[in-house]
Amino acid sequence: MQAKCGTAYLNELYEKYQSLDDGVLAKYIPELALANPDSFGICVATTNGQVFQVGESQKLFTIQSIAKAFVYGIALEDHGREYVNSKVGVEPTGEGFHSIVLDEKTNRPYNPMVNTGAIATTDLIKGNGATERLKRILQVFRLYTGRDLDINVPVFLSERATSNRNRAIAYLMLNFGMINERIEETLDLYFQQSSIMVDARDLAVMTATLANGGINPITGERALDERYVKDVISVMLTCGMYNYSGEWVYRVGIPAKSGVGGGIAATVPGKLGIGTFSPLLDTRGNSIRGMKVCEDIARDFGLHIFNVVPPKYNLQEWMDGE
Ligand code: GLU
């Protein structure tokens, strides 16, 4: 097994995939189509507080669907597992992220990683009115990232202006009594959480926090009650990569969540978090360069959850390196 230093290894990945220009920018939210297709950043944060980053790892973009994983955690903290489970399932759909489908027997959305489920978990965020509920989300995200976060207002407004499909989803769930009547407030909160600006480093620290049992390894602050860490990571594993989730587990085997802003956030429990940013997406909405990077890291360091083969590189040496 060879030794490999953190940043040197990430630089190799950056060089390897920088010229890969397959994929397209998300266009269904007009503001997202303005991203620079060449942008590419990678960051790995470890549970012992090391951070390795290359490329545009500090370029801000909107978190989009990646927020869904962390908002699910807040809903669990606000209501407990049983109640949240009565409102949102944990079953992969095999359908696109904005498909309009609910479980026929229970009327529940299938899982919190698709739009139906995420609108339902957003509805569960406690707080007195829109401002307080948004503040709660931003406060928890601050615990995960270790810094104050802002909303990209043009993206928020662009999404809100083109949101008929999400509005239809919300009204369908209201019809079945799965969400509250304050539809416009909850939808705005959902669009705002999607428009939170992060960089690849933030995503790596957020997922390193999950990997570290809910405690941010850099600030030492708790972002998520330890009872719910495995719930969040489980749905990332089974449902986090849109309708590619099964194939993702097969090929990469690391719990992850992607967003149409071009981010991927992956977590290796007990070890590290990975954050990538590249806005060129495949047809399902996953960042193509980001998926390649995660696949290489998983393979080279033997991080697939079911891997039993000696890896190419030693993870501990990487974590101890520079
Ligand atoms: N803002 C997005 C929507 O609801 C989230 C999409 C995503 O990243 O999957 O359409």
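One-based numbering along the sequence shown. Every number for a ligand or one of its atoms is a count from 1 in the order of the listing.
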Which ligand 1 atoms, with their elements, are less than 4.0 angstrom from a heavy-atom of [X]?
| X | result |
| --- | --- |
| Tyr242 | 7 (C), 8 (O), 9 (O) |
| Val260 | 6 (C), 7 (C), 8 (O), 9 (O) |
| Tyr28 | 2 (C), 3 (C), 5 (C), 6 (C), 10 (O) |
| Gln64 | 1 (N), 2 (C), 5 (C), 6 (C), 8 (O) |
| Gly259 | 8 (O) |
| Phe97 | 6 (C), 9 (O), 10 (O) |
| Asn115 | 3 (C), 4 (O), 10 (O) |

Using side-chain heavy atoms (C-beta onward) and a distance below 4.5 Å, is Ile233 in contact with Thr267?
yes

Report yes if some heavy atom in the side chain of Val155 is under 4.5 Å from a heavy atom in the side chain of Gln64; otherwise report no.
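Answer yes - side chains close enough.
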
Flag the pair Asp199 and Arg201 as a salt bridge only when some basic side-chain nitrogen lies within less than 4.0 angstrom of an acidic carboxylate oxygen.
no

Before accepting this row, confirm whether a basic side-chain N of the pair Arg167/Glu184 lies closer than 4.0 Å to the acidic partner's carboxylate O.
yes

Does any donor atom in the side chain of Glu159 or Ser195 lie under 3.5 Å from an acceptor atom in the other side chain?
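Side chains of Glu159 and Ser195: no pair found under 3.5 Å.
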
If you measure from each non-hydrogen atom of [X] to ligand 1, which part falls under 4.0 Å: side chain, backbone, both or neither?
| X | value |
| --- | --- |
| Tyr190 | side chain |
| Lys68 | side chain |
| Ile66 | neither |
| Ser194 | side chain |
| Glu159 | side chain |

Any chance you could lay out the side chain to side chain donor-acceptor pair (under 3.5 Å) test for Asp282 and Tyr244, step after step, and finish with the verdict?
CA-CA 10 Å; Asp282 69 5; Tyr244 186 74; over 6 Å; no

His304 and Phe306 aromatic ring geometry - parallel, tilted or perpendicular at 30°/60° bounds:
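Tilted, since the angle between the ring planes falls between 30° and 60°.
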
Out of Arg133, Lys87, Lys126, Arg136, which residue meets the salt bridge (charged side-chain N to carboxylate O under 4.0 Å, His left out) rule with Asp78?
Arg136

Closest approach of any protein heavy atom to atom 7 (C) of ligand 1, naming residue and atom
Ser65 OG, 2.7 Å

Less than 3.5 Å between some nitrogen or oxygen of Ser258 and one of ligand 1, yes or no?
no

Applying ring-ring contact (aromatic ring centres under 6.0 Å, His included), which residue pairs with at least one partner in residues 149-207 are found, sequence neighbours left out?
none

